[in-house]
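Since the structure comes first, as C-alpha cells, the remarks are kept for the end.
We name chains A, B, ... by the order of the sequence lines, and we start the count at 1 in each one. All values derive from a computational prediction rather than experimental measurement.
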Amino acid sequence: MTEEVITIALETLQLQKQALIFAASRASAEKTAEDIAKLTSFSLPLLEQEILKAASVPTKQCRRLSHCIRKGIAFHHAGLLQKQRELIEEEFRKGTIRIICATPTLAAGLSLPAYRVIIPSLKRFSGSWGMDWIPVLEYLQMAGRAGRPEYEKEGQAITIAKSDAEKDEIYERYICGEPEDIYSKLAVEPVLRTYLLSLISSGIINDEKSMKDFFSQTFWAHQFKDISKLSSTMEKMVHVLEGWKFIIIPNNEEKNDFISASLLERKEKVLKPTLLGKRISELYIDPLTARYLLDCLEQFSEKKTTFSLLQMISHTLEMRPLLRTKAKEGDKIQEELVKRYEALLEKEPSTFDPEYDEFLNSIKTALFFEAWINEFDEDYLMETFDIRPGEIKVKLDTADWLLYAADEIAKIENKKEISKEISKLRLRLQNGTKEELLPLLRLKGIGRVRSRRLFNSGIKDLGDIKKVDITTLSQILGKAIADDVKKQVGEEIKEVPKGTRKGQLSMERF
DNA sequence: GGCAGTTCTATATAGACAGCATGTC
DNA sequence: CTATATAGAACTGCC
C-alpha cells in the first residue's frame, strides 16, 4: 500500500513542494516516514542533533525520528515529546522539513498547511466495528490543510482508492457528502455531572427552576427539544450528586424564614453545594472520580502502600486512555497483581465483568508508574509498557493532578496521614525516583540523575552534603553545581521543599 | 550448513484537557 | 459478524 504513497511523496519533493501524510496509526506514520527518508537526498545533521537533544537521554523513538529528520522527513504523533513536536512544526513551516507523516493529531489541532495532503486510506479501525470510514468532518479537517493561502494559489488533497468501486464510494461519501451534524456532548454523563456540580457550586444554579432555565438555553436542549426528558435526566443527576454528598437539598419544611417559605409555595427544591462538593468542582475532577477517591481513601489507612495510591489514580476516567494490556501480557500483569493484591483500595471485579479489561489496564498503568518511581529509564518503559516519552509526560502530569485532588479531598476529610503519603508520592513521580532520594531532591538543580549519583557515592541527605568536601562533590556533580549545592546547604534558612504547598484550606470542623 | 529473500501469521489499531505554583539534567 | 498494516516467525531456495 505504501508504494503509491511513497511515489506521490517523492513526486511532491521533485516539485519542490511540501506534503502532509495522514497515516492511520502511529506505527504506520513512523514506517512511512522511514521509508520515504531512505529515498531522499537531504542532509540536515543540525536538526538531527536538536531532536536528540530534546530528551535528556534519547530513546529508540528519538533516534528513529532523528534519522528521518536528517533526511528532511518527520513523523508526528502523541508519543513524541512536546518539544519535538514543536520543533517539527516550526521546521516544516520554515520549509526545512519537507514531509510530515502524522496521525490525525495534526489535522485537529494547529494550522499547519502544506501544498499537498496525502491520505493513504479513509478507513480506520473503530472499536468493535472493525474498519470503518472516518467521518466526513475529519476528512475535511485533513484535506483542509492542503494549500497555503499566503504562498500558493492551489493545494491538493490526494486520497488513494483500492479499486474503482472504492473510488466511487469515496467520491460519493466525501466529495459529494455532507459533513455530519454536530452533536452536543453535554448529555454525556461525566460532562453533565461535572458542569452541574460546577454551576451549583458557583451559585449560577441554586434551585430547580434556575437549573431548568440554564439548561434550556444550551445547545443540548436546542437539539433535543424534548425538555421533559431533559429535566428528568437532570433530576436524576441531581439525585446522584446529593447521594454522593456533594450537594444538599435542604428540607423546606424545616425552614421557616420568608425566602424558604416562598420557595415552598413554588415547590422548588433548593440546590446547595456542600463544602466537599465545592472543592471538587474547583479541582475540576469528575464527581464520580471524586466519589471513588473518597471511597478509596477510606480504605487507605489499613493497607497503605505506594501501589495503592498509584492504582487508585490509574483507575479513573481522567487517566484514560489507560495503558492497554496486550493479549500476551494478561498473565504477567495478573501475576503482578496477585503480589500486590493486599494493596488494592477497590475490590477487584469478576474476571467475567466487562470492566475487567479496564481494571487490568489500571493495574498495568499503575505498574508503569511504579517502574518510573523505581528509576527505570524510558527505553525500559517503552519496551515493557509500550509507552513513549510524550505519553509518559502526559500520564505523569495527570497523576500529579489527581494526587493533588486526592490530597485536597483527604484534607477536607481530615486525613492527615494520607496527606503525607501523597506529598511524598507526588515528589517521587515528579522526579522519577525512589524514596531514598527525597532528601536530596530538595536541592535546586538536583533531580533524578544527580541525586542518584550522590546517593550512590554515599551522600544521602543534606547533612552529608554539608560534611563532604567540595572536591569530592565537584567530582560527582561538576564544579558549578557543586558550588551551588554547597551554597544551598550553607543558607539552610530557606528550606522550602519544592513541590509542596502550604495548606490553604483550614476546615477542621468538617 | 548458512544465509537472503519470501511468504505466512499474529497482533494491535488517534488523541487532549483539567489544579497549582514556580523553575528539570 | 465486518479490516489492514506491521512486525516477526516460518519457510524456501540458493550457494
Identify whether the distance between the nearest side-chain nitrogen and carboxylate oxygen of [X] and [Y] falls below 4.0 Å.
X: Lys31(A); Y: Glu34(A); answer: no
X: Glu329(A); Y: Lys332(A); answer: no
X: Asp484(A); Y: Lys487(A); answer: no

Between [N] ([atom2]) and [X] ([atom1]): distance, integer Å:
X: Gln430(A); N: dA21(B); atom1: CD; atom2: C1'; result: 11 Å
X: Glu329(A); N: dA10(B); atom1: CD; atom2: P; result: 19 Å
X: Leu293(A); N: dG19(B); atom1: CG; atom2: P; result: 16 Å
X: Asp400(A); N: dA21(B); atom1: CG; atom2: C1'; result: 11 Å
X: Leu81(A); N: dT24(B); atom1: CG; atom2: C1'; result: 13 Å

Watson-Crick/G-U partner (both atom distances under 3.5 Å) of dA16(B): none
Taking only the side-chain nitrogens and oxygens of Arg279(A), find out if one of them lies under 4.0 Å from OP1 or OP2 of dC20(B). yes
Which letters describe nucleotides 11-18 of chain B, given B = protein heavy atom under 4.0 Å from base, S = only from sugar-phosphate, - = neither? SSBSSB-B
For Lys424(A), which of Glu436(A), Glu435(A), Glu417(A) qualifies under salt bridge (charged side-chain N to carboxylate O under 4.0 Å, His left out)? Glu435(A)
Can you say whether the rings of Tyr195(A) and Tyr284(A) are parallel (under 30°), tilted (30 to 60°) or perpendicular (over 60°)? perpendicular
Parallel, tilted or perpendicular: which describes the rings of Phe75(A) and His77(A), with under 30° parallel and over 60° perpendicular? parallel
Measure across Lys123(A) and Met131(A) and return the closest heavy-atom pair with its distance rounded to 0.1 Å. O-CE, 4.3 Å
Does atom OH of Tyr183(A) have more than 12 heavy-atom neighbours from other groups under 6.0 Å away? no
Under 3.5 Å, which donor-acceptor pairs do the side chains of residues 164-173 of chain A form with other protein atoms, sequence neighbours left out?
| unit_1 | atom_1 | unit_2 | atom_2 | d |
| --- | --- | --- | --- | --- |
| Glu166(A) | OE2 | Lys162(A) | N | 3.1 |
| Glu169(A) | OE2 | Trp133(A) | NE1 | 3.4 |

When the P atoms of dA14(B) and dT6(C) are considered, how many whole Å apart are they? 12 Å
Quick one: the dot-bracket string of DNA chain C, using Watson-Crick and G-U wobble pairs with both distances under 3.5 Å, [ ] for crossing pairs and | for bases paired to another strand. ..|||||||||||||
